[in-house]
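The structure appears right after this line, and notes come after that.
Positions are given from 1, in the same order as the sequence printed here.
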Amino acid sequence: MNTLLAIALAMAVGLALTRLAKLAGIPNVTAYLIAGIAVRYFMKLINCTSFEGLDVVTSVALGFIAFSIGSSFKLKHIRHIGKSVVVITLFQALTTVLLVDAALLVLHFGFNKISISEALCLGAIATATAPAATLMVVRQYKARGIVTDTLLPVVAFDDAIGLIIFAISLAVAKALAVANASVTIIEVLVVPLLEIVISLGFGGILGVLLAYAAKVFKSRANRISLCVVAVFAGVGLCTVIPNFALSDLLTCMAIGIMYANLNKESGQIFDIMDRWTSPLFLLFFIISGAELDLSLIPMVGLIGIVYLISRSIGKYSGAYLGAKIVHADDNVKKYLGLTLLPQAGVAIGMAQKVANTPELISAGFASSVVTVTLCATLVYELLGPLVAKWALVKSGEIIQEKPISSKKKAAA
């Protein structure tokens, strides 16, 4: 089976499962992930590895997801909820990392189950959320309201804050793992902040160019092509800059922000892009599902269970506390934290960074961090969208479709 046939099979299975998902009332993104898991094991049976080498699809899909999220950062909207978004994002991220670190350190000091360095790495990874899964639920059910308006900027800001926290935690973890290592301010603060500034700077420049180029090319087809060029360039730039771990998510988000604010007709293009990119997102989630190995679950043990529970509590309580401090709407207090549970690409990227760090490899726990992260991703990606949908329904921002009565069916 070649790569194109494997992709076609995977997408066909994913589309078929969306029909069953609709009957069961579960989000399409969960169906796509299940399809990916099923296709993974089918391809394993026939000794096929055709999904290998499709990292570019994942990178491009995440780029378009970040670009779409950037559209929610219009200045008039940010002026309305800007302060609350920053406070809520900081509190949910910091509460999560502190709670996960504390819970895992109990396992270290009380049961000697985990090293301090490993606990710090997992605590930092716990801050990451999955904008892709969240955005797909919002788009599928056309969620509208104060929770949704707060959610999308929070998810976007969370990536920047998570990267800073991870960089700091990783530097400290390396120092603790190697007896003679030292932690410098440059490694802990300057480098990660510089990477974030450069990522946003590149994206901002590309976004300005896109906004002005859209005034020259008038047709919608050309403007869509320009958006594709900008996102491709943003993702590509982040892979060719040496000595810096630039964030393609932040870069593409900045492109979307500048385009949304500098071009009055950008809303129409974003709407068209949302429809155009649906097949790409379908493939992205199927590939993500194919990378989830169910056999890893028994390997997680006590560390994984503590990670899952403490992260979930941290996300919910942190969002609730932040919302309470800024006097946010009651629905934001009660339901926002539940929509922040999905975790995927950014968290896996952080885990891979741990796995590729020589000091942590020699410490002997790098593979354990990857295993716990992948298992948590499996749980959060399958259950997270369901919880997010339930929260948005309870907040009144998703209108549930009423089943057709038997009399209406007969009349039809």
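- Note: Cys252 SG to Ile257 CD1 = 11.5 Å, rounded to the nearest 0.5 Å.
- A donor-acceptor distance shorter than 3.5 angstrom exists from the side chain of Thr251 to the backbone of Ser199, with no hydrogens or angles considered.
- Looking at Lys315, its side chain does come within 3.5 Å of a backbone N or O of Thr127 through a donor-acceptor pair.
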Discussion item. With side chain to side chain contact (heavy atoms under 4.5 Å, CB included) as the criterion, how do Thr148 and Thr339 come out once you've worked through the C-alpha distance, each side chain's angles and the decisive distance to 0.1 Å?
Written reply: CA-CA 9 Å; Thr148 303; Thr339 65; over 6 Å; no
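- The two atoms that bring Gly204 and Ala254 nearest to each other are N-CB, 3.7 Å, heavy atoms only.
- The shortest non-hydrogen separation linking Gly304 to Val372 is CA-CG1, 4.2 Å.
- Between Met258 and Leu210 there is no side-chain heavy-atom pair separated by less than 4.5 Å.
- Rounding to the nearest 0.5 Å gives a distance of 9.5 Å between CE of Met273 and CG of Leu280.
- Of all non-hydrogen atoms in Ala103 and Val306, the two that sit nearest each other are CB-CG1, 3.6 Å.
- Considering Leu90, Ile88, Thr89 as possible partners of Val86, the one that fulfils the side-chain contact (heavy atoms from CB on, under 4.5 Å) test is Leu90.
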Listing, residues 222-233 side-chain donor-acceptor contacts under 3.5 Å, not counting sequence neighbours, or none:
from   : atom 1 : to     : atom 2 : distance (Å)
Asn222 : ND2    : Ser219 : OG     : 3.1
Arg223 : NE     : Ala214 : O      : 3.0
Arg223 : NE     : Phe217 : O      : 3.0
Arg223 : NH1    : Glu265 : OE1    : 2.4
Arg223 : NH2    : Ala214 : O      : 3.0
Arg223 : NH2    : Glu265 : OE1    : 3.3
Ser225 : OG     : Ala221 : O      : 3.0

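- Without hydrogens or angle criteria, Tyr320 side chain to Val332 main chain gives no donor-acceptor distance under 3.5 Å.
- Considering CG of Leu206 and CD1 of Ile255, their distance stands at 4.5 Å, rounded to 0.5 Å.
- By the 4.5 Å heavy-atom criterion applied to side chains, Ile114 and Leu105 are not counted as neighbours.
- In plain terms, the two heavy atoms of Tyr316 and Lys333 that are nearest each other are OH-O, 4.2 Å.
- In this structure, Ile269 and Asn263 have side chains that are not in contact, with every pair of non-hydrogen atoms separated by 4.5 Å or more.
- Side-chain N or O atoms of Tyr380 include one that pairs as donor or acceptor with a backbone N or O of Leu308 at under 3.5 Å.
- Atom-to-atom distance recorded for Ile125:CD1 and Ile165:CD1 is 12.5 Å, nearest 0.5 angstrom.
- Annotation: the span from Ser395 atom OG to Asp329 atom CG amounts to 9.0 Å, rounded to 0.5 Å.
- The closest donor-acceptor contact from the side chain of Ser68 to the backbone of Phe64 lies at 3.5 Å or more, if one exists at all.
- For the pair Asp101 and Leu120, the tightest heavy-atom approach, listed with the atom from each and the gap, is OD1-CA, 3.7 Å.
- Considering all non-hydrogen atoms of both residues, Phe91 and Gly318 come closest at CB-O, 3.5 Å.
- The structure places CG of Leu151 at 8.5 Å from OG1 of Thr129, a figure rounded to the nearest 0.5 Å.
- Using cut-offs of 30° and 60° for the angle between ring planes, the Phe67 and Tyr259 rings count as parallel.
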